[in-house]
Amino acid sequence: MPMARRSPNDTSPAISLQPLAHDELPLDTIALAKFLVGKMLVRHGTDGPMTGRIVETEAYPPGDDACHARSGRTQRNASLFLPRGHAYVYRAYGSAMMLNISSEEEGTGAGVLVRAAEPLGGIAAMRMRRGVEDVRRLARGPGCLAQAFEIGFDLDGKLYAPESGIWLADDGFSRTEIASSKRIGITRNADQPWRYFVRSSPWVSGPAWLNRAPS
DNA sequence: TGAAAGATTCGCT
DNA sequence: GCGAATCTTTCAG
C-alpha cells in the first residue's frame, strides 16, 4: 500500500499522508465542505497511487432542494444516507462520474461534491486516463476529476479508508484563502453560497467571474 | 410506459 | 464563450 512512510530519518519535505479517520470529519455538511478544501485525496488505482489536493467542493446539506436525497432514499442515492465519510458515486449527463462524500448522521441524506483537485502524484497515469497533457485540465471539474482518479461505481458506498483504495489525508496545508460562491450547474435552490474553493487557484473549475466574486 | 431533467464536457466559432 | 451531445434516473399519467 502507498501508505505514508513515516520514518523518523525521513527529513525530506515529502508530504506525510496520514489517513483521516472518519470521526475526524465534521458532522455538519457545510463544515465538511469547507474542511475538505485543502485536504489530500489519495487513490490507489490499477496503475498505482495517485494524490491530489482538493481545491473545490460543494455542499448539499439536508433539506436542500438540490440534494439528490431530497425525495428520500432510492437505490441510486442510498450512499448519501450512510454515516459521514462514505463515497457516493453517480453518473450525470450520461457520461460524467461524480465523486461525493456523505455527511451527517446515518440515515440523513446529505453530502459534499468534490469538484476539482490539484494533481500531485501519479500524474502520468492521470494523463493517460484523461487523454490530456495539460496538468491544469486533469482534475478540473467533477467529471474530469473522477476520470483522472479512476472513480467508478465500484467505489459507491465504500468508506474513505486505505482498504477501500480511496481515502482522505491531511498534510498540514493551511487553508487561508477559502472563498465561497453559488454552486455550479444546478437549477434548484441555486442561490445558496455553498461552493467552496481556494481563491485564485489555477486548479478550480467554473467561470472566472464566479471565482473572483467576493464571498 | 413515456417524458423530462440533470451537481457536465468538449469542440467549434 | 456558446451550444450540442448523451443516457440514466426519476416522476407522472
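Naming: A, B, ... by sequence-line order, numbering from 1 per chain.
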_Any donor-acceptor N or O pair under 3.5 Å, side chains A:Ser205, A:Glu56_ =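 Indeed, the side chains of A:Ser205 and A:Glu56 share at least one donor-acceptor pair under 3.5 Å.
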_Is it the case that the side chains of A:Asn211 and A:Arg195 hold a donor-acceptor pair, with the cut-off being a distance below 3.5 Å and no angle test?_
yes
*Only counting residues at least two apart or in another chain, list the ones meeting salt bridge (charged side-chain N to carboxylate O under 4.0 Å, His left out) with A:Asp64.*
A:Arg183
*Listed by chain and number, what are the salt bridge (charged side-chain N to carboxylate O under 4.0 Å, His left out) partners of A:Asp23, not counting sequence neighbours?*
none
*For residues 82-100 of chain A, which residue pairs qualify under side-chain hydrogen bond (donor to acceptor under 3.5 Å, both in side chains), counting only residues two or more places apart or in two chains?*
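Output for this query lists A:His68-A:Tyr88.
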_Selection residues 134-146 of chain A - residue pairs positive for side-chain hydrogen bond (donor to acceptor under 3.5 Å, both in side chains), sequence neighbours left out_ =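 Of all non-adjacent pairs touching residues 134-146 of chain A, none passes side-chain hydrogen bond (donor to acceptor under 3.5 Å, both in side chains).
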Taking only residues at least two apart or on different chains, which pairs with a member in [range] satisfy salt bridge (Lys or Arg N to Asp or Glu O under 4.0 Å)?
{"range": "residues 104-114 of chain A", "result": "none"}
{"range": "residues 141-154 of chain A", "result": "A:Arg129-A:Glu150"}
{"range": "residues 119-128 of chain A", "result": "A:Arg127-A:Glu133"}

*asked:* Let's see if you get this right: which residues in residues 123-139 of chain A place a heavy atom under 4.0 Å from DNA chain B?
replied: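 Under 4.0 Å from DNA chain B: A:Arg130.
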*Check whether NZ of the Lys or CZ of the Arg A:Lys39 lies under 6.0 Å from the centre of the six-membered ring of A:Phe35 and within 45 degrees of that ring's axis.*
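A:Lys39 over A:Phe35 ring: yes.
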Among [options], which residue meets the side-chain contact (heavy atoms from CB on, under 4.5 Å) test with [X]?
{"X": "A:Thr57", "options": "A:Ile101, A:Leu32, A:Leu36", "value": "A:Leu36"}
{"X": "A:Thr51", "options": "A:Ile123, A:Leu120, A:Asp171", "value": "A:Leu120"}
{"X": "A:Trp203", "options": "A:Ile54, A:Leu138, A:Val135, A:Val198", "value": "A:Val135"}

*Which letter, B, S or -, goes with each nucleotide of nucleotides 3-11 of chain C from 5' to 3', with contact meaning a protein heavy atom under 4.0 Å?*
---BBSSSS
*Are A:Trp194 and A:Val55 in one and the same hydrophobic cluster, where Ile, Leu, Val, Met, Phe, Trp and Tyr link if side-chain heavy atoms are under 4.5 Å apart?*
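Same cluster: A:Trp194 reaches A:Val55 through Ile, Leu, Val, Met, Phe, Trp or Tyr contacts under 4.5 Å.
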_Secondary-structure stems for DNA chain B, with pairs counted as Watson-Crick or G-U when both distances are under 3.5 Å and runs at least 3 long_ =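 Result, WC/G-U stems under 3.5 Å: B:1-6 with C:7-12, B:8-12 with C:1-5.
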*Got a sec? Which of residues 104-117 of chain A come in under 4.0 Å of DNA chain C, heavy atoms?*
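Result for residues 104-117 of chain A: none.
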_Quick check: on DNA chain B, is the nucleotide nearest A:Leu145 upstream (toward 5') of the one nearest A:Arg188, or the reverse? Name the residue that is more 5'._
A:Arg188
_Taking every non-hydrogen atom, the tightest pair across A:Tyr196 and A:Ala33_ =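 Distance-wise, the nearest heavy atoms are CD1-CB, 3.7 Å.
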_chain A footprint on DNA chain B, 5' to 3' - any atom under 4.0 Å from a heavy atom_ =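 Nucleotide range in contact with chain A: B:dG6 to B:dC10.
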